[in-house]
Peer 1: 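Okay, here's the structure, questions in a sec.
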Amino acid sequence: MNKDDHLFLIDGSGYIFRAYHALPPLTRKADGLPVGAVSGFCNMLWKLLSEARDTSVGVTPTHLAVIFDHSSKTFRNELYPEYKANRDAPPEDLIPQFGLIREATRAFNLPCIEMAGFEADDLIATYARLAEAAGAHTTIVSSDKDLMQLVTDRVTMYDTMKDRQIAAPDVVEKWGVPPDKMIDMQSLTGDSTDNIPGVPGIGPKTAAQLLEAYGDLDTLLERAGEIKQNKRRENLIEFADQARLSRELVTLKTDVPVADTPADFHLDAQDGPKLIAFLKAMGFNTLTRRVAEATETDAAEIEPAEVAVEWGADARGPDLDRGDGPDTKPASQEQKESGWTPGDLARARADAAANAKIDSAAYLCIRDSGALAQFIAAARETGVVAFDTETTSLDAMQAELVGFSLAYQPQDAVSNASGPVQACYVPLAHKSGQDDLLGGGLAEGQMPIDDALAQLKDLLEDPSILKIAQNLKYDWLVMSRYGIEVHGYDDTMLISYALDAGRGGQGMDALSDRWLGHKPIAYKEVAGSGKSAVTFDFVEIDRAVAYAAEDADITLRLWQVLKPRLAAEGLASVYERLERPMVPVLGRMERRGISVDRQILSRLSGDFAQGAAALEDEIYELAGEKFNIGSPKQLGEILFGKMGLPGGSKTKTGQWSTSAQVLEDLAAEGHDLPRRIVDWRQLTKLKSTYTDALPGFINPETARVHTSYALAATTTGRLSSSDPNLQNIPVRTAEGRKIRTAFVCEPGNKLVSADYSQIELRVLAHVADIDALKQAFADGMDIHAMTASEMFGVPVKDMPAEVRRRAKAINFGIIYGISAFGLANQLGIERSEAGEYIKTYFQRFPGIKDYMDSTKAFAREHGYVETIFGRRAHYPDITTSNPHMRAFNERAAINAPIQGSAADIIRRAMVRMDTALDEAGLAARMLLQVHDELIFEVPEDEVDRTIRVVTGIMENSAMPAVAMKVPLKVDARAADNWDEAH
DNA sequence: TAGAAAACGTA
DNA sequence: GTACGTTTTCTAG
């Protein structure tokens with residue numbers, strides 16, 4: 001080798017794990033063989049090799065090898081038996097891919113290197129140093145920090161997923177130390193995933209600072225006594241040997257007795273037929289086509305290779321192929337023409353998206369009317385356009401439009417080939433310079449906002465042009481305040497939620513990373529963060545273009561990937577009936593807001609403050625000193641230290657718990673202080689969270705409070721509410737309920753609250769098909785009393801309250817995936833007794849046990865569970881070997897179909913409600929949703945009719961999709977405030 | 001100044 | 001035992 005040679009060393013094992021987690025699951029169509037990581041690997045290799053052929057690209061390999069871990073036992077285990085001891089077994093759908101990726105490497109005609117007793121990292125280190133000695137340059141294809149110690153001026157790393165080089169300055173930027181200090185750094189910080197101990201209490205920041213100050217690990221350990229911080233000094237002294245051991249573990253071996261030299265890895269021409277045979281066997285159609293083109297091979301002539309598959313114990317692919325449910329739509333024109341199934345299309349799109357380059361240099365900045373018209377006209381040709389707004393606030397009810405971006409992908413009319421995505425940003429209200437004396441006038445080069453809005457209105461309100469947005473509800477609200485109502489739309493966040501709830505976030509950054517392997521420009525990179533943050537109108541237009549147009553670009557690409565999956569995976573109707581129509585429904589609710597009486601809150605705030613102050617005096621008196629009552633730490637010291645009260649449970653950080661439960665128990669034993677603390681906490685909670693905070697949410701323009709509902713935040717399908725959260729307004733205590741009296745209606749109106757009675761137990765009776773429960777609901781019985789009667793043999797008539805209470809707790813426990821531990825906790829009884837209750841319950845209602853067991857089994861098998869409407873909630877961790885975590889996932893999986901079906905039922909009611917009220921000629925307006933309750937503002941003289949319409953819609957909302965085996969019952973009341981209406 | 005932990009409000 | 005969001009305190013920076 002010589003100095004012009006360039007060796008690429010690919011960390012094959014590292015790549016497998018990263019690709020498995022980062023890339024969408026993918027299975028071979030023929031048999032469901034999981035091949036997501038293999039696909040990513042092949043695409044990555046092909047890209048690298050294509051660049052090698054194209055000498056115009058800067059860094060091109062002349063030599064290349066793929067390095068793998070051989071087995072889990074290495075020389076490090078002899079040094080330290082605990083090394084990597086806490087690793088879980090790889091996921092079962094990854095197991096067959098280990099062998100396949102080695103096969104892939106050979107199909108690419110590349111050396112596939114591994115050696116017993118050494119990790120891939122050690123082999124990489126050895127070859128890199130050999131090449132360096134020969135004067136050549138090396139690129140290590142990996143982003144693993146364990147390899148960063150190898151970086152020099154002739155050795156760099158390359159992160160293929162982020163398309164980024166990692167050289168010495170990048171290491172410094174990321175870790176605060178140069179590559180040659182990475183070993184010392186890792187010796188100090190340790191590594192929990194590899195079980196490398198390090199020194200407790202020292203993280204990367206501290207380690208970098210210490211190494212900066214002392215130079216290297218040995219000096220630092222020698223002079224540890226000089227360190228000022230007590231804990232830090234003690235730890236460095238006590239754990240010095242542990243740090244030295246860690247250093248041995250993290251130091252890569254550069255003298256592994258390897259059989260080959262880097263020169264043996266010379267890159268030869270591709271064997272087109274051999275590679276194509278493998279790719280065909282895997283079913284990678286897109287890549288097959290590309291390779292065929294590049295190698296001038298006729299792919300049709302080549303038979304798929306025979307590839308041996310080691311499936312592992314019980315390997316099973318994810319469910320990309322379950323496209324045969326009743327929800328599946330007929331294949332679209334596009335699919336029919338090409339003879340593709342929806343699954344094929346989904347896979348091809350995922351493939352293409354993961355490999356596409358995102359070119360921010362090509363984004364347009366549109367500054368005049370003609371250019372905008374031209375762009376929109378071109379977008380209209382395609383029928384699909386991504387849309388995103390930039391504004392001055394995260395609060396859609398206060399946000400002012402600053403600009404918007406659009407993106408579309410042109411199709412060639414003749415060849416039907418797709419061109420590159422075209423994206424633009426249209427600045428409208430950017431300010432010039434800082435917010436100076438002039439108040440920051442409009443920046444130059446922006447088109448008149450009225451003109452832009454007029455053009456935008458035509459586009460957004462045209463239902464024949466599909467608008468794609470990420471979290472459309474926000475943009476819908478902003479645009480609605482400018483008199484524009486979006487029609488004809490898809491929301492990538494909601495599509496992703498229907499497909500992948502529970503598999504990770506549905507935010508744009510997460511989706512972009514997951515599907516495009518691309519990290520978009522962070523908002524704070526353009527607008528700053530913390531104190532130096534500015535609103536978007538103060539962002540320079542040029543920087544705004546790169547950020548904003550990229551969002552539209554990415555949104556469009558995400559839609560291309562995600563939309564076909566809906567049909568392929570049988571989730572189109574979930575999206576179309578339960579997700580998409582919620583956007584305008586919630587948009588209107590949020591925009592209406594609810595009236596909150598400032599005076600009432602202010603008076604309550606005063607009352608709470610007085611009550612709390614009185615309690616404070618008593619608390620200090622009883623404690624014998626002043627302290628911060630709000631600090632659980634200080635409170636714990638007073639109660640369990642100074643006063644010597646018996647401590648109950650501990651928190652997970654080892655502190656004594658001072659939870660209400662613990663304090664109640666102490667109070668029951670006759671201690672005065674804990675009682676006062678509980679009361680004080682209640683008052684201060686009510687004051688700070690509600691009476692003090694709510695007035696700040698009264699919108700200055702509308703004088704109402706506008707919560708924000710998140711549609712894609714929960715795993716089960718429930719909504720969540722924030723800013724402010726109006727789904728947790730107190731109701732359980734008399735004091736707390738007073739806050740509800742501040743939620744009022746306009747004069748001449750009433751608030752109507754309509755809530756489903758026992759909806760989750762009714763859903764349980766339906767899904768588990770329990771005759772006794774179904775009968776009890778059909779007869780309108782008191783379900784908890786009935787349960788108690790069945791379990792304890794007590795007649796319902798004159799039943800003691802305590803007996804009913806226990807049955808009620810058990811009923812709830814069932815919904816929550818019951819455990820003896822949890823039930824014992826709830827009822828304050830022994831675990832054994834709780835266990836007996838559960839046994840009795842299961843004996844009396846055997847169908848429940850069957851339901852719970854079959855739900856668990858289904859979840860384990862498929863990785864998700866379903867509601868009665870087909871919504872899926874994913875629990876990928878349900879197969880973990882950690883018993884605690886697994887049990888938690890099992891309980892969640894048992895609960896999700898129940899909670900989720902109830903959530904679907906109320907969603908269906910909400911989607912129909914506005915139309916139903918309109919058709920009945922009623923002016924009532926839906927304001928709030930609280931999981932099983934809807935709150936309306938209703939003209940006084942329409943209250944009775946409204947209640948009839950509302951309860952009718954709610955009670956029948958499962959129809960016609962599902963005929964419930966149990967009637968749904970809704971209670972509704974009207975009053976002047978929420979407390980009395982509820 | 002940002003993030004984790006503890007506590008607590010709802011269904 | 002399920003599902004959330006907000007507040008305060010505390011820690012590390």
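Numbered from 1 within each chain, the chains take letters A, B, ... in sequence-line order.
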Peer 1: Would you classify A:Ser722 as touching base, sugar-phosphate or nothing, given that sugar-phosphate means primed atoms plus P, OP1 and OP2, and contacts are heavy atoms under 4.0 Å?
Peer 2: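 The residue A:Ser722 makes sugar-phosphate contact but no base contact.
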Peer 1: So, is A:Ser529 close to the B:dT1 phosphate, meaning a side-chain N or O under 4.0 Å from OP1 or OP2?
Peer 2: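 Answer is no, no contact under 4.0 Å.
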Peer 1: I'd like to know if A:Gln727 reaches the base of B:dT10 with its side chain, counting only an N/O donor and acceptor under 3.5 Å.
Peer 2: no
Peer 1: For residues A:Asp692 and A:Ser605, is any side-chain donor paired with an opposing acceptor at under 3.5 Å?
Peer 2: yes
Peer 1: Run the salt-bridge test on A:Glu212 and A:Lys181 with the 4.0 Å N-O cut-off and return the result as yes or no.
Peer 2: no
Peer 1: Considering only heavy atoms and no angle criterion, is a donor-acceptor pair shorter than 3.5 Å present between the side chain of A:Arg718 and the base of B:dA11?
Peer 2: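 Such a pair is found, so the answer is yes.
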Peer 1: Which is true for A:Gly813 with a 4.0 Å heavy-atom rule: it touches a base, it touches only sugar-phosphate, or it touches nothing?
Peer 2: base
Peer 1: So what does A:Ala660 touch, heavy atoms closer than 4.0 Å: a base, only the sugar-phosphate, or nothing?
Peer 2: sugar-phosphate
Peer 1: Scan A:Phe812 against the nucleic acid and name what it touches under 4.0 Å (heavy atoms): base, sugar-phosphate only, or nothing.
Peer 2: nothing
Peer 1: Mind listing the closest non-hydrogen atom pair of A:Val763 and A:Ser901 along with its distance?
Peer 2: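 That closest heavy-atom pairing would be CG1-CB, 3.7 Å.
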Peer 1: Do the side chain of A:Asn725 and the base of C:dG5 come within less than 3.5 angstrom through a donor-acceptor pair of N or O atoms?
Peer 2: no
Peer 1: Just call it for A:Ile815: base, sugar-phosphate, or nothing, with non-hydrogen atoms closer than 4.0 Å on any strand.
Peer 2: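 Nothing: the residue A:Ile815, judged by heavy atoms under 4.0 Å, touches no strand.
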Peer 1: Once you apply a heavy-atom cut-off of 4.0 Å, does A:Ile729 come out as touching a base, just sugar-phosphate, or nothing?
Peer 2: sugar-phosphate
Peer 1: Assign A:Gln826 to base, sugar-phosphate, or nothing according to its heavy-atom contacts below 4.0 angstrom with the strands shown.
Peer 2: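 Result for A:Gln826 = base.
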Peer 1: Can you find a side chain N or O atom of A:Arg732 that sits less than 4.0 Å from OP1 or OP2 on B:dC8?
Peer 2: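 So the side-chain polar atoms of A:Arg732 never come under 4.0 Å of the phosphate oxygens OP1 or OP2 of B:dC8.
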Peer 1: Can you check whether A:Tyr523 reaches A:Asp509 side chain to side chain, under 4.5 Å on heavy atoms?
Peer 2: no
Peer 1: Classify the nucleic acid contact of A:Ala809 as base, sugar-phosphate or nothing, counting any heavy atom under 4.0 Å across all strands shown.
Peer 2: base
Peer 1: Check whether any side-chain nitrogen or oxygen of A:Thr689 sits under 4.0 Å from OP1 or OP2 of C:dT6, and answer yes or no.
Peer 2: no
Peer 1: Tell whether A:Lys633 reaches the base of C:dC10 with its side chain through a donor-acceptor pair below 3.5 angstrom.
Peer 2: no
Peer 1: Taking the minimum atom-to-atom distance to the side chain of A:Pro632, which one of B:dA7, B:dT10, C:dA3 wins?
Peer 2: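 Per side-chain heavy atoms of A:Pro632, the pick is B:dA7.
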Peer 1: Does the side chain of A:Gln899 pick up a donor-acceptor pair with the side chain of A:Thr716 at under 3.5 Å?
Peer 2: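 Per modelled atom types, A:Gln899 and A:Thr716 side chains form a pair under 3.5 Å.
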Peer 1: So what does A:Thr684 touch, heavy atoms closer than 4.0 Å: a base, only the sugar-phosphate, or nothing?
Peer 2: nothing
Peer 1: Respond yes when some side-chain nitrogen or oxygen of A:Gln682 is under 4.0 Å from OP1 or OP2 of B:dA7, and no when none is.
Peer 2: no
Peer 1: Measuring to OP1 and OP2 of B:dA7, would you say a side-chain N or O of A:Thr658 lies under 4.0 angstrom away?
Peer 2: yes
Peer 1: Strictly below 4.0 Å: does A:Thr653 bring a side-chain N or O up to OP1 or OP2 of C:dT11?
Peer 2: no
Peer 1: Taking the side chain as everything from C-beta on, heavy atoms only, tell me whether A:Phe777 gets closer than 4.5 Å to A:Lys969.
Peer 2: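 SC-SC contact between A:Phe777 and A:Lys969 ruled out.
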Peer 1: Taking only the side-chain heavy atoms of A:Thr651 (C-beta and beyond), determine which of B:dA6, B:dA11, C:dG5 contains the nearest atom.
Peer 2: B:dA6
Peer 1: NA contact type, A:Ala693, heavy-atom cut-off 4.0 Å: base, sugar-phosphate, or nothing?
Peer 2: sugar-phosphate
